[in-house]
Amino acid sequence: MINQVPNLETCWYLSPPWGKEIPPLEVSLLEKVYVTTTKSFGYCCGVEWSAKGWSYEIVSGKDNLTVLGRELIGTGKLQLVTKEKPVFELGELVEFRFHGDGPPARIVQGIQLICDSWFYCIEWMSPGISENGDELFTFRDAIALGGTSPIARVTDYDLERVRL
């Protein structure tokens with residue numbers, strides 16, 4: 001009998017959590033935005049896929065806010081806070097250099113600017129199967145039970161572009 005776990009893990013890491021086509025962003029990275037819930041301006045320094053859709057990291061004054069797209073109004077003006085552009089794009093297929101025993105291929109599910117460096121959100125943990133084999137536990141279940149997030153924030157050094 002062939003062990004199907006590696007095949008399932010490969011499929012898990014390569015299946016985009018947003019479905020077939022990547023949904024459009026409400027605002028661009030580094031765009032100046034108005035946050036309707038706090039009635040303040042800031043700029044978008046990150047975006048990450050969540051169960052509710054794209055989640056945006058907004059720098060507003062000395063605060064960092066995490067909001068959904070419906071809470072933002074874009075201005076179309078980019079804030080030039082860094083000279084470097086992200087190396088990888090949302091939804092891009094990459095190889096994770098430090099993948100351990102699992103398959104190396106991953107999908108970029110988020111990008112964040114932290115201390116003038118770009119970080120990329122990838123999944124490092126696949127779902128688990130109960131000991132009885134009758135239930136599938138995803139990372140959302142693990143977080144709800146006090147576990148850790150399966151999303152890792154890594155640098156471009158940790159990733160390689162997949163050559164097709």
Side-chain angles (χ1 to χ4, degrees), residues 9-96 105-128 136-162 164:
E9 281 187 322
T10 299
C11 292
W12 176 263
Y13 291 130
L14 297 181
S15 300
W18 45 75
K20 290 185 179 183
E21 293 191 27
I22 188 168
L25 296 176
E26 298 290 328
V27 297
S28 298
L29 283 170
L30 304 180
E31 183 175 346
K32 185 176 182 180
V33 298
Y34 179 73
V35 183
T36 58
T37 52
T38 61
K39 297 183 170 111
S40 61
F41 283 94
Y43 71 90
C44 178
C45 67
V47 60
E48 183 178 329
W49 185 256
S50 72
K52 296 180 181 178
W54 290 116
S55 176
Y56 299 85
E57 188 77 17
I58 307 299
V59 173
S60 179
K62 294 183 180 182
D63 296 326
N64 276 20
L65 309 168
T66 302
V67 298
L68 296 174
R70 64 179 171 264
E71 301 171 67
L72 297 174
I73 298 173
T75 65
K77 297 179 182 177
L78 295 181
Q79 301 284 86
L80 299 176
V81 295
T82 181
K83 295 177 183 172
E84 302 292 322
K85 289 184 175 182
V87 174
F88 301 103
E89 297 178 9
L90 289 172
E92 186 171 352
L93 188 62
V94 294
E95 285 195 12
F96 183 35
R106 302 287 193 277
I107 291 178
V108 175
Q109 296 183 26
I111 300 173
Q112 292 187 325
L113 181 64
I114 303 172
C115 297
D116 295 329
S117 296
W118 291 107
F119 286 80
Y120 305 89
C121 304
I122 61 164
E123 273 185 289
W124 63 271
M125 183 188 325
S126 59
L136 179 70
F137 294 99
T138 66
F139 67 85
R140 289 176 191 89
D141 299 324
I143 293 170
L145 297 171
T148 59
S149 170
I151 300 294
R153 286 172 180 76
V154 299
T155 66
D156 56 48
Y157 174 78
D158 304 315
L159 303 174
E160 291 182 17
R161 187 162 270 111
V162 172
L164 298 174

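As the structure is a prediction and not an experimental result, all values here were calculated from the model.
A 4.5 Å side-chain heavy-atom check between Phe88 and Asp156 finds at least one atom pair inside the cut-off. The shortest side-chain heavy-atom distance between Trp49 and Pro16 does not fall under the 4.5 Å cut-off. Contact annotation: the side chain of Phe96 approaches that of Leu159 to within less than 4.5 Å [non-hydrogen atoms, C-beta and beyond]. Val27 is not listed as a side-chain neighbour of Tyr34, based on a closest heavy-atom distance of 4.5 Å or more. For the pair Val67/Thr38, no side-chain contact is recorded, criterion being any heavy-atom separation below 4.5 Å from C-beta on. Between Glu48 and Glu57, the closest side-chain pair of non-hydrogen atoms is not below 4.5 Å. The shortest distance between side-chain heavy atoms of Asn64 and Ile58 does not fall below 4.5 Å.
Under 4.0 Å is where a charged nitrogen must lie from a carboxylate oxygen, and between Arg161 and Glu92 at least one such pair does.
The CD atom of Gln112 sits 9.5 Å away from atom SG of Cys44, with the distance rounded to the nearest 0.5 Å. Taking OG1 from Thr36 and CD1 from Ile73, the interatomic distance works out to 6.0 Å, rounded to the nearest 0.5 Å. Atoms CD and OG, from Glu123 and Ser15 in turn, are 9.5 Å apart once rounded to the nearest 0.5 Å. Summarising the geometry, atom OG belonging to Ser40 is positioned 6.0 Å from atom CG belonging to Leu65; distances are rounded to the nearest 0.5 Å.
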Point to revise | Worked check of side chain to side chain contact (heavy atoms under 4.5 Å, CB included) between Asp158 and Ile122 | key: CA-CA 11 Å; Asp158 304 315; Ile122 61 164; over 6 Å; no
Exercise for review: Output, in order, the C-alpha distance, side-chain angles, deciding distance and verdict of side chain to side chain contact (heavy atoms under 4.5 Å, CB included) for Glu26 and Trp54.
Suggested key: CA-CA 8 Å; Glu26 298 290 328; Trp54 290 116; over 6 Å; no
Practice item. Kindly indicate, with the supporting measurements, whether the criterion side chain to side chain contact (heavy atoms under 4.5 Å, CB included) is fulfilled by Phe41 and Val35. Key: CA-CA 6 Å; Phe41 283 94; Val35 183; over 6 Å; no
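Considering all non-hydrogen atoms of both residues, Leu68 and Ser50 come closest at CD2-OG, 4.4 Å. The two residues Asp116 and Leu113 make their nearest non-hydrogen contact at C-CD1, 3.7 Å. Nearest heavy atom pair, residue Cys121 against residue Ile151, reads CB-CG2, 3.6 Å. Summarising the geometry of Thr37 relative to Glu71, their closest heavy-atom pair is CG2-OE1, 3.1 Å, with the distance given to 0.1 Å. Heavy-atom minimum distance, Leu14 versus Arg106: CD2-N, 4.4 Å. Across Ser28 and Leu78, no two heavy atoms sit closer than the pair CB-CD2, 4.4 Å.
Checked options Tyr43, Trp118, Tyr56; the residue passing with Leu29 is Trp118 (criterion: side-chain contact (heavy atoms from CB on, under 4.5 Å)).
A donor-acceptor pair is defined here as one N or O able to donate and one able to accept, closer than 3.5 Å; such a pair exists between the side chain of Glu31 and the backbone of Thr75. Although no hydrogens or angles enter the test, the distance criterion places a donor-acceptor pair under 3.5 Å between the side chain of Tyr120 and the main chain of Val87.
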